[in-house]
Amino acid sequence: MRLLTHNMLSSNIKGVSNGFPLRLEVEKFIEKEVEFNADFLRNMFPKIEWKALVDAAKTLGYADLPEEADPSLLDSDDFLKKYHHALLELHVEEGVLICPETGRKFPVNKGVPNMLLHEDEGFWRL
C-alpha cells in the first residue's frame, strides 16, 4: 500500500465522525522505484492531506518532508523528488491501519489494506 493510498483511506465505521487519518503500525515496508512524473505530483498536491502524509512517512522512518508545504514548493525539483518518494515509492507490505476514534484495526497483508467492516459496524439497510 502506497502512502498515496493511505492518504485517501478513512474509517467508515457506523457512528465514527473522525475516521481520518488512520494511524499506521508497520511490520514490513519496502521501497519500489516508480517513474517520476512531476505533473502527476503537482496535480495530486491539492488532494493530499499534508500532515497525514508527513506523519505516515515518519512512521516508515522517512523524515525528509517539510512539516508544512504550500504550492510554491512545487517549483523545487528537490521537494518534488522527496514528495514523489514518500507518496509513491514507500509501500507498506504488512501492518495495520487503526481508526483514530475507535481503535479498530484494519490489517494490511501483502500490501493490500482490508477495510471490510463487521456486520455490526456498517451502514446496513434492510
Minimal non-hydrogen separation, [X] against [Y], with atom names:
{"X": "Val16", "Y": "Glu101", "result": "CA-OE2, 3.5 Å"}
{"X": "Val34", "Y": "Glu89", "result": "N-OE2, 2.9 Å"}
{"X": "Leu65", "Y": "Ala86", "result": "CD1-CB, 3.6 Å"}

Counting C-beta onward and ignoring hydrogens, is there a side-chain heavy-atom pair between [X] and [Y] closer than 4.5 Å?
{"X": "Arg104", "Y": "Ser11", "result": "no"}
{"X": "Pro21", "Y": "Asn7", "result": "no"}
{"X": "Glu94", "Y": "Asn109", "result": "yes"}
{"X": "His6", "Y": "Met1", "result": "yes"}

- [ ] State the CG-CG distance between Leu90 and Leu4, to the nearest 0.5 angstrom.
- [x] 12.0 Å
- [ ] Would you kindly confirm whether Leu9 and Leu117 end up in one hydrophobic cluster when ILVMFWY residues are joined by side chain heavy atoms under 4.5 Å apart?
- [x]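 Leu9 and Leu117: one cluster.
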Open item on the list: Same cluster or not: Leu3 versus Phe20, using hydrophobic residues (I, L, V, M, F, W, Y) connected whenever any side-chain heavy atoms lie under 4.5 Å apart?
Closed with: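 No, Leu3 does not connect to Phe20 through the hydrophobic network.
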Who passes side chain to side chain contact (heavy atoms under 4.5 Å, CB included) against [X], sequence neighbours left out?
{"X": "Lys47", "result": "Met8, Met44"}
{"X": "Ser76", "result": "Asp78, Phe79"}
{"X": "Val26", "result": "Leu24, Phe29, Thr59, Leu60, Val92"}
{"X": "Asn114", "result": "Pro107, Leu116"}

Please identify each residue that fulfils side-chain hydrogen bond (donor to acceptor under 3.5 Å, both in side chains) with [X], with sequence neighbours left out.
{"X": "Lys81", "value": "none"}
{"X": "Asp70", "value": "Ser72"}
{"X": "Lys105", "value": "none"}

Open item on the list: Parallel, tilted or perpendicular, judged at 30° and 60°: which one describes the rings of Trp50 and Tyr83?
Closed with: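 The rings of Trp50 and Tyr83 sit tilted, inter-plane angle from 30° to 60°.
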Task: Residue pairs, two or more places apart or on separate chains, that pass side-chain hydrogen bond (donor to acceptor under 3.5 Å, both in side chains) and touch residues 21-43 - done: Glu31-His85
Open item on the list: Apply the hydrophobic cluster definition, ILVMFWY joined by side-chain contacts under 4.5 Å directly or through others, and give me every member besides Ile98.
Closed with: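 Cluster partners of Ile98: Val96.
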- [ ] Report the residues that fulfil ring pair (Phe, Tyr, Trp, His ring centres under 6.0 Å) with Phe36, sequence neighbours left out, ordered by chain and then residue number.
- [x]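 Residues passing ring pair (Phe, Tyr, Trp, His ring centres under 6.0 Å) with Phe36: His84.
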- [ ] Apply the test side-chain contact (heavy atoms from CB on, under 4.5 Å) to residues Met115 and Leu22: give CA-CA distance (whole Å), side-chain angles for both, the deciding distance (0.1 Å), then the verdict.
- [x] CA-CA 11 Å; Met115 300 297 294; Leu22 296 166; 3.7 Å; yes
- [ ] Could you tell me which residues satisfy salt bridge (charged side-chain N to carboxylate O under 4.0 Å, His left out) with Glu67, sequence neighbours excluded, listed by chain and number?
- [x] Lys58
- [ ] Please list, chain by chain and in numerical order, all residues satisfying salt bridge (charged side-chain N to carboxylate O under 4.0 Å, His left out) with Asp55, sequence neighbours excluded.
- [x]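 Asp55 satisfies salt bridge (charged side-chain N to carboxylate O under 4.0 Å, His left out) with Lys51 once adjacent residues are dropped.
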TODO: Could you give me the CA-CA distance, side-chain angles and deciding distance for Leu41 and Leu74, then say whether side-chain contact (heavy atoms from CB on, under 4.5 Å) is met?
DONE: CA-CA 8 Å; Leu41 295 169; Leu74 297 172; 5.6 Å; no
